[in-house]
There are 2 protein chains.
Amino acid sequence: MFKPYTIKDIAKALGLSTSTVSRALNGSYEIGTETKKLVLEYAEKVNYRPNPIALSLKEQRSRSIGVVVCEVANNYFSQAINGIESIAYSSGYHVIITQTHESAAREAANVQHLLSRHVDGLLIALSAETTDTSEFKFLHSKGFPMVFFDRIVENIDTHKVTVDNFKGAFEATEQLLNAGYTKIANLASTPNLLNTRERFDGYKAALLKHNIQILPEYVKYCHHGGMVAGEVENALQELMSLPDPPQAIISTNDRLTTGCIPILKKMGYRIPEDVALTGFTNSEVAESFAPPLTVIRQPAFTMGQMATEMLINVIESKYPVYEAMSTQVDTELIVRQSSMPAKI
Amino acid sequence: MFKPYTIKDIAKALGLSTSTVSRALNGSYEIGTETKKLVLEYAEKVNYRPNPIALSLKEQRSRSIGVVVCEVANNYFSQAINGIESIAYSSGYHVIITQTHESAAREAANVQHLLSRHVDGLLIALSAETTDTSEFKFLHSKGFPMVFFDRIVENIDTHKVTVDNFKGAFEATEQLLNAGYTKIANLASTPNLLNTRERFDGYKAALLKHNIQILPEYVKYCHHGGMVAGEVENALQELMSLPDPPQAIISTNDRLTTGCIPILKKMGYRIPEDVALTGFTNSEVAESFAPPLTVIRQPAFTMGQMATEMLINVIESKYPVYEAMSTQVDTELIVRQSSMPAKI
DNA sequence: CTGAAAGCGCTAACAC
DNA sequence: GTGTTAGCGCTTTCAG
């Protein structure tokens with residue numbers, strides 16, 4: 001069944017040695033024009049394709065890069081993956097995508113799996129659960145090519161691509177303040193993640209700037225990033241049943257943001273009349289929501305591209321890359337009805 | 001940098017031959033208990049991982065399966081991929097995902113790429129553009145393991161996993177009819193795709209059953225499945241500027257459905273007052289739309305699982321599988337406000 | 001200009 | 001029970 005042609009087959013058919021064929025195929029200058037043409041034409045005719053597995057074994061590299069994200073069914077990550085693929089493909093790399101579903105154990109397993117597949121490098125956005133980063137530290141110390149994006153590891157001076165989370169959250173919070181909301185809650189993913197904390201800091205800074213006190217009861221964490229049933233619902237329930245409930249919510253994670261709306265509605269709140277809403281999300285359909293949703297968008301596609309370019313640079317650099325490269329891009333605040341002043 | 005242990009390393013360290021180590025590692029019964037224990041312990045200690053590339057070369061299989069879909073940033077496919085991964089993973093297979101972006105050329109390139117990577121099998125949902133299926137026919141004739149899902153190839157008796165498109169469209173159309181709408185348009189992807197035509201047939205059958213005439217001007221195709229800018233907008237524009245415009249639209253593809261809403265709104269139509277809407281989509285947030293969207297949902301996750309199980313069966317079967325396996329599941333109609341009778 | 005041979009990591013006949 | 005060897009497909013010294 002379906003046996004691809006090998007160099008040996010060509011060699012035999014043409015009465016040459018495998019090395020000659022190999023060299024001809026690779027355009028070595030030390031092969032006669034005649035022979036070269038002969039080989040090339042025959043290879044073309046039989047639709048010869050080099051066996052990448054054999055190549056990998058030989059070259060000790062796989063021309064593939066591993067991607068570790070929480071989920072592909074997530075607007076941000078599916079868009080980022082598009083960016084990753086676009087660059088990887090045109091540079092001749094394969095992309096192997098793995099999902100952690102926010103579990104640290106799956107993350108560790110995925111990394112092992114990818115390493116055992118001899119990927120040439122890793123593109124990683126940490127899972128919500130991850131606290132032990134020693135494996136990454138180890139790989140980093142060995143000079144293994146890795147680029148972190150969006151959810152980066154702390155305490156390691158690695159290559160990374162991030163957005164200005166602080167500014168994104170700051171602007172969004174300030175927009176709510178300018179719209180007249182002063183009681184603003186923060187619905188967040190796990191504080192494990194640096195980006196959660198940075199977004200929180202942006203929120204805090206905006207309130208501070210407007211001389212609004214930060215109330216701890218206005219800050220709710222969903223430690224599984226909204227992946228666990230009821231997590232978001234509980235958080236919202238607690239928030240809205242406070243003696244002095246918030247008038248607005250800023251949600252700082254994709255899944256949380258899109259998850260909020262049906263729950264708030266089910267609880268009987270109108271947006272923004274009863275509670276305004278702004279959130280980090282890359283949903284393509286935020287505009288179609290009821291009401292149209294104010295969002296902080298990340299340039300996911302571009303970030304995927306940048307991270308991949310960075311990684312391929314590191315992989316292909318002749319010498320170990322010691323200084324960590326780091327790129328930060330801006331978020332985009334798109335103001336829609338959900339964070340507008342409530343019409344009275 | 002980061003040199004994994006090999007069998008040779010172990011053999012040298014322990015003063016054994018590589019074959020002994022290999023056998024011990026694979027639990028061969030002809031190895032002394034002592035030696036076996038020694039090897040296993042040492043392997044454990046140095047965290048030995050067999051090199052899958054060498055294995056692939058040896059066994060002429062890669063323990064990986066290739067996936068060809070139009071996009072991961074698509075609700076249906078990202079969910080299906082979750083299903084695919086869940087099964088593949090637990091069966092020890094890798095998943096390599098490639099995207100066609102609805103281009104036949106990219107599809108062909110992806111298939112070649114995956115074949116050249118020696119994937120053990122292929123999971124395919126055709127691109128919208130695909131009309132030439134000769135390559136698939138060829139692979140099929142060679143007995144190469146393939147399973148098609150959702151968007152299947154015709155004229156080839158292959159393994160496949162589909163939904164009952166006819167019934168899904170029929171039920172949705174009938175619900176619109178029961179809600180009092182009689183002028184119902186069909187917004188569809190390319191008729192290249194069998195599922196587009198099946199869904200169209202379901203729509204037709206429902207109208208027929210209710211003695212409603214099928215108007216050709218009520219049927220609009222987006223030949224790139226909504227991937228090309230302005231495609232959906234044009235279709236809707238044409239539809240709504242008919243002398244006798246439709247009162248309802250059934251959209252038969254994920255991207256089209258979610259794409260419709262902002263466009264209709266921008267054109268100044270209220271849903272469902274001016275035009276009702278129902279559509280095939282697996283969006284998780286259809287409920288949050290304005291208005292909440294009536295959807296025909298496909299069990300994407302399950303379909304991904306089923307297709308993968310089927311594929312792995314074929315791959316691992318001792319003898320070529322000649323009779324084509326075929327599974328069909330039901331869609332689920334979730335009725336929400338967008339297809340309700342318009343309140344007058 | 002071309003061929004022979006070694007080697008990437010692993011397994012499996014085939015010795016002994 | 002364990003070692004030797006060949007071979008998976010390819011590249012690359014080293015010879016000639």
Side-chain angles (χ1 to χ4, degrees), chain A residues 1-40 42-43 46-64 92 94 113 115-120, chain B residues 1-40 42-43 46-64 92 112-113 115-120:
Chain A
M1 187 224 69
F2 195 73
K3 180 104 186 70
Y5 272 83
T6 70
I7 265 189
K8 218 189 207 167
D9 298 327
I10 302 183
K12 206 183 301 171
L14 263 39
L16 293 165
S17 78
T18 58
S19 38
T20 306
V21 175
S22 169
R23 277 187 278 243
L25 254 17
N26 293 308
S28 166
Y29 60 93
E30 46 178 358
I31 294 290
T33 330
E34 290 294 276
T35 322
K36 202 180 272 183
K37 206 175 128 202
L38 194 68
V39 172
L40 255 25
Y42 186 79
V46 301
N47 193 29
Y48 167 78
R49 297 268 168 267
N51 181 332
I53 298 177
L55 273 172
S56 293
L57 186 59
K58 181 81 206 162
E59 297 179 9
Q60 299 290 45
R61 63 191 307 231
S62 60
R63 287 215 152 262
S64 65
H94 261 274
H113 202 164
L115 288 178
S116 86
R117 297 289 299 185
H118 284 214
V119 292
D120 297 334
Chain B
M1 185 227 68
F2 195 73
K3 182 101 184 69
Y5 273 83
T6 71
I7 264 188
K8 218 188 206 167
D9 298 328
I10 302 184
K12 206 182 302 169
L14 263 40
L16 294 166
S17 78
T18 58
S19 42
T20 305
V21 175
S22 169
R23 278 187 279 242
L25 253 18
N26 293 307
S28 166
Y29 60 93
E30 45 178 359
I31 294 290
T33 331
E34 289 294 276
T35 322
K36 203 180 272 181
K37 205 175 132 204
L38 194 67
V39 172
L40 255 25
Y42 186 78
V46 301
N47 193 28
Y48 166 78
R49 298 268 168 266
N51 181 333
I53 298 176
L55 272 174
S56 294
L57 187 59
K58 181 86 207 161
E59 297 179 11
Q60 300 290 45
R61 64 192 307 235
S62 60
R63 288 215 150 262
S64 65
Q112 281 312 315
H113 202 165
L115 288 178
S116 85
R117 298 288 300 186
H118 285 212
V119 292
D120 297 333

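Throughout, a chain's letter reflects where its sequence line sits, starting with A, and its residues are numbered from 1.
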Between [N] ([atom2]) and [X] ([atom1]): distance, integer Å:
{"X": "B:Y29", "N": "C:dA12", "atom1": "OH", "atom2": "P", "value": "12 Å"}
{"X": "B:K58", "N": "D:dC10", "atom1": "NZ", "atom2": "P", "value": "16 Å"}
{"X": "A:N51", "N": "D:dT11", "atom1": "CG", "atom2": "P", "value": "10 Å"}
{"X": "A:I10", "N": "C:dT2", "atom1": "CD1", "atom2": "P", "value": "16 Å"}
{"X": "A:H118", "N": "C:dG9", "atom1": "NE2", "atom2": "C1'", "value": "9 Å"}
{"X": "B:R49", "N": "C:dC10", "atom1": "CZ", "atom2": "P", "value": "12 Å"}
{"X": "B:I7", "N": "D:dC8", "atom1": "CD1", "atom2": "P", "value": "19 Å"}
{"X": "A:I53", "N": "C:dC10", "atom1": "CD1", "atom2": "C1'", "value": "13 Å"}

Locate the shortest heavy-atom distance separating [X] from [Y]; write the atom from each residue and the value.
{"X": "A:H118", "Y": "B:I53", "result": "CB-CD1, 3.6 Å"}
{"X": "B:P50", "Y": "B:L55", "result": "CB-CD1, 4.2 Å"}
{"X": "B:T6", "Y": "B:D9", "result": "N-OD2, 2.8 Å"}
{"X": "A:A11", "Y": "A:S17", "result": "CB-C, 3.8 Å"}

Heavy atoms only, 4.0 Å cut-off, all strands: where does [X] land among base, sugar-phosphate and nothing?
{"X": "B:S56", "value": "nothing"}
{"X": "B:Y48", "value": "sugar-phosphate"}
{"X": "B:T6", "value": "sugar-phosphate"}
{"X": "A:L55", "value": "sugar-phosphate"}

Quiz item: For B:Y5, does the OH atom have more than 12 heavy-atom neighbours from other residues, nucleotides or ligands under 6.0 Å away?
Solution: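 No, not enclosed.
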
[X] side chain N/O closer than 4.0 Å to the phosphate oxygens (OP1, OP2) of [N]?
{"X": "B:T20", "N": "D:dG3", "answer": "yes"}
{"X": "B:Q60", "N": "D:dG7", "answer": "no"}
{"X": "B:N26", "N": "C:dT11", "answer": "yes"}
{"X": "A:T35", "N": "C:dT2", "answer": "yes"}
{"X": "B:K8", "N": "C:dC8", "answer": "yes"}

Self-check item: Atom pair CD1 (B:I31) and OG (B:S19), whose distance is rounded to the nearest 0.5 Å
Solution: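 Nearest 0.5 Å value for the CD1-OG distance: 7.5 Å.
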
Quiz prompt | A:T18 vs A:I31, nearer the 5' end of DNA chain C by closest nucleotide | solution =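 Going by which nucleotide is closer to the 5' end, it is A:I31.
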
Quiz item: Has the side chain of B:R23 got a donor or acceptor atom sitting under 3.5 Å from an opposite partner on the base of D:dG3?
Solution: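 Answer yes: a donor N or O sits under 3.5 Å from an acceptor.
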
Quiz item: On a plain distance test, is the side chain of B:S19 in donor-acceptor contact with the base of D:dT4 below 3.5 Å?
Solution: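 Yes, a donor-acceptor pair under 3.5 Å.
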
Exercise. Please determine, for the side chain of A:S22, which listed nucleotide (D:dG9, D:dT12, C:dG3) has the closest atom?
Key: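 The nucleotide sitting nearest to the side chain is D:dT12.
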
Exercise. Return the 5'-most residue of the pair B:L57, A:E59 with respect to DNA chain D, ranking by each residue's nearest nucleotide.
Key: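 The residue whose closest nucleotide sits nearer the 5' end is B:L57.
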
